[in-house]
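All residue numbers refer to positions in the sequence shown, counting from 1.
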Amino acid sequence: MRTAVIGAGGWGTTLALVLHEKGHDVTLWSRREDFARELRERRENIRYLKGIQVPVSIEITHDTEWLYDRELYVFALPSQATRAMATELSPKISHAGAVYVSASKGIEKGSLMRVTEIIAESLGVDSAKTVALSGPSHAEEVARGVPTAVVAAGTDHDVAREVQNAFSLPHFRVY
């Protein structure tokens, strides 16, 4: 599955590693060009995941052209930054066949919307194609293979199951 993880912090990098381990074609997108370059050159997110190697087969970029025509988009951004980023990226990532995952905690100040609602509204996609991936988890532990359980929750059971299948590994259980 062609996937894009939007947000190259600790959680975004970790989810890119999980998806890569699962066998997906993964692009990790960073808002900041200099940070994307640093990650590409070092193949390590020294700011958030020191000691964890990022395989060369994970594309790391700031170029939005790499986001076009993916089947799965994972938003691993602070909840307060999601609306602006989703709106900015909308021309590249909004299409009916894709599934959109929120890996962010929290709700938006002011609107009190869940991040899945923000994604659907900002991209102009069916809210049934958005799923929240949540649970008690720590990026550092998941990246090191510590057994972790999370939940994929959405309004469409089949879409949530698709997300479950996309992420599930023996050490990263998705319910």
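Each salt bridge (Lys or Arg N to Asp or Glu O under 4.0 Å) pair with one or both residues in residues 148-163, not counting sequence neighbours, would appear here, but there are none. Annotation: ring-ring contact (aromatic ring centres under 6.0 Å, His included) contacts involving residues 151-175, sequence neighbours excluded, are absent. Contacts classified as salt bridge (Lys or Arg N to Asp or Glu O under 4.0 Å) and involving residues 110-132 (residues at least two apart or in different chains) are given here: Arg83-Glu121, Arg114-Glu117.
Of all heavy-atom pairs spanning Ala36 and Thr61, the tightest one is CB-C, 3.7 Å. Taking every heavy atom of both residues into account, Thr13 and Ala8 meet most closely at OG1-O, 3.2 Å. The two atoms that bring Leu28 and Gly7 nearest to each other are CD1-O, 3.5 Å, heavy atoms only.
Just one of Ile119, Thr64, Ile6 meets the side-chain contact (heavy atoms from CB on, under 4.5 Å) condition when paired with Ile93; it is Ile6.
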Donor-acceptor pairs under 3.5 Å, side chain of residues 71-82 to any protein atom, not counting sequence neighbours: which ones?
unit_1: Glu71; atom_1: OE1; unit_2: Arg2; atom_2: N; d: 2.8
unit_1: Tyr73; atom_1: OH; unit_2: Leu67; atom_2: O; d: 2.6
unit_1: Tyr73; atom_1: OH; unit_2: Asp69; atom_2: N; d: 3.4
unit_1: Tyr73; atom_1: OH; unit_2: Arg70; atom_2: N; d: 3.0
unit_1: Ser79; atom_1: OG; unit_2: Lys105; atom_2: O; d: 3.4
unit_1: Gln80; atom_1: OE1; unit_2: Lys109; atom_2: N; d: 3.0
unit_1: Gln80; atom_1: NE2; unit_2: Ile107; atom_2: O; d: 2.8
unit_1: Thr82; atom_1: OG1; unit_2: Pro78; atom_2: O; d: 3.2

Donor-acceptor pairs are to be reported for all side-chain atoms of residues 141-152 against protein atoms at under 3.5 Å, with residues two or more places apart or in another chain.
unit_1: Arg144; atom_1: NH1; unit_2: Glu140; atom_2: O; d: 3.4
unit_1: Arg144; atom_1: NH2; unit_2: Lys50; atom_2: O; d: 3.0
unit_1: Thr148; atom_1: OG1; unit_2: Val146; atom_2: O; d: 2.9

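Inter-residue side-chain proximity for Thr116 and Val131 is flagged as unmet; no heavy-atom pair is nearer than 4.5 Å. For the pair Met1 and Asp25, the minimum side-chain heavy-atom distance is 4.5 Å or more. Within the 4.5 Å cutoff, no side-chain heavy atoms of Val54 are placed close to those of Arg42. When side chains are defined from C-beta on, Leu39 counts as touching Asn45, because their heavy atoms get closer than 4.5 Å. Residues Pro55 and His20 form a side-chain contact, since some pair of their non-hydrogen atoms from C-beta on lies under 4.5 Å apart.
Tyr48 OH: 12 or fewer foreign heavy atoms inside a 6.0 Å radius. More than 12 heavy atoms of other residues, nucleotides or ligands sit less than 6.0 Å from atom NE2 of His95.
Arg31 meets the side-chain contact (heavy atoms from CB on, under 4.5 Å) test with Trp29, Met85; sequence neighbours excluded. With sequence neighbours excluded, the residues that form a side-chain contact (heavy atoms from CB on, under 4.5 Å) with Ser90 are Ser94, Leu123. Legend: residues meeting salt bridge (Lys or Arg N to Asp or Glu O under 4.0 Å) with Glu41, ordered by chain and number and at least two apart, are absent. Among residues two or more places apart in sequence or in another chain, the side chain to side chain donor-acceptor pair (under 3.5 Å) test is passed with His62 by none. With sequence neighbours excluded, the residues that form a salt bridge (Lys or Arg N to Asp or Glu O under 4.0 Å) with Arg47 are Glu38.
Classification of Glu59 and Arg40 as a salt-bridged pair fails, no side-chain N sitting under 4.0 Å from a carboxylate O.
Two different hydrophobic clusters hold Val5 and Tyr100 under the rule that ILVMFWY side chains link at heavy-atom gaps under 4.5 Å. Under a hydrophobic-cluster definition in which Ile, Leu, Val, Met, Phe, Trp and Tyr are linked whenever side-chain heavy atoms come within less than 4.5 Å, directly or via other members, Leu133 and Leu19 are assigned to the same cluster. Both Val125 and Leu89 belong to a single network of hydrophobic side chains, linked directly or stepwise wherever heavy atoms of I, L, V, M, F, W or Y lie under 4.5 Å apart.
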For Thr27 and Thr3: C-alpha separation, side-chain torsions, deciding distance, then whether side chain to side chain contact (heavy atoms under 4.5 Å, CB included) applies.
CA-CA 6 Å; Thr27 296; Thr3 66; over 6 Å; no

Set out, in order, the CA-CA distance, both residues' side-chain angles and the distance that settles side chain to side chain contact (heavy atoms under 4.5 Å, CB included) for Trp11 and Ser137, then state yes or no.
CA-CA 10 Å; Trp11 193 223; Ser137 58; 3.6 Å; yes

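With hydrogens and angles ignored, the 3.5 Å screen pairs no side-chain donor or acceptor of Glu44 with any backbone N or O of Gln53.
Taking a 4.5 Å side-chain heavy-atom cut-off between Ile, Leu, Val, Met, Phe, Trp and Tyr, the cluster of Ile118 extends to Met113. With a 4.5 Å cut-off between side-chain heavy atoms of Ile, Leu, Val, Met, Phe, Trp and Tyr, the cluster of Trp66 takes in none.
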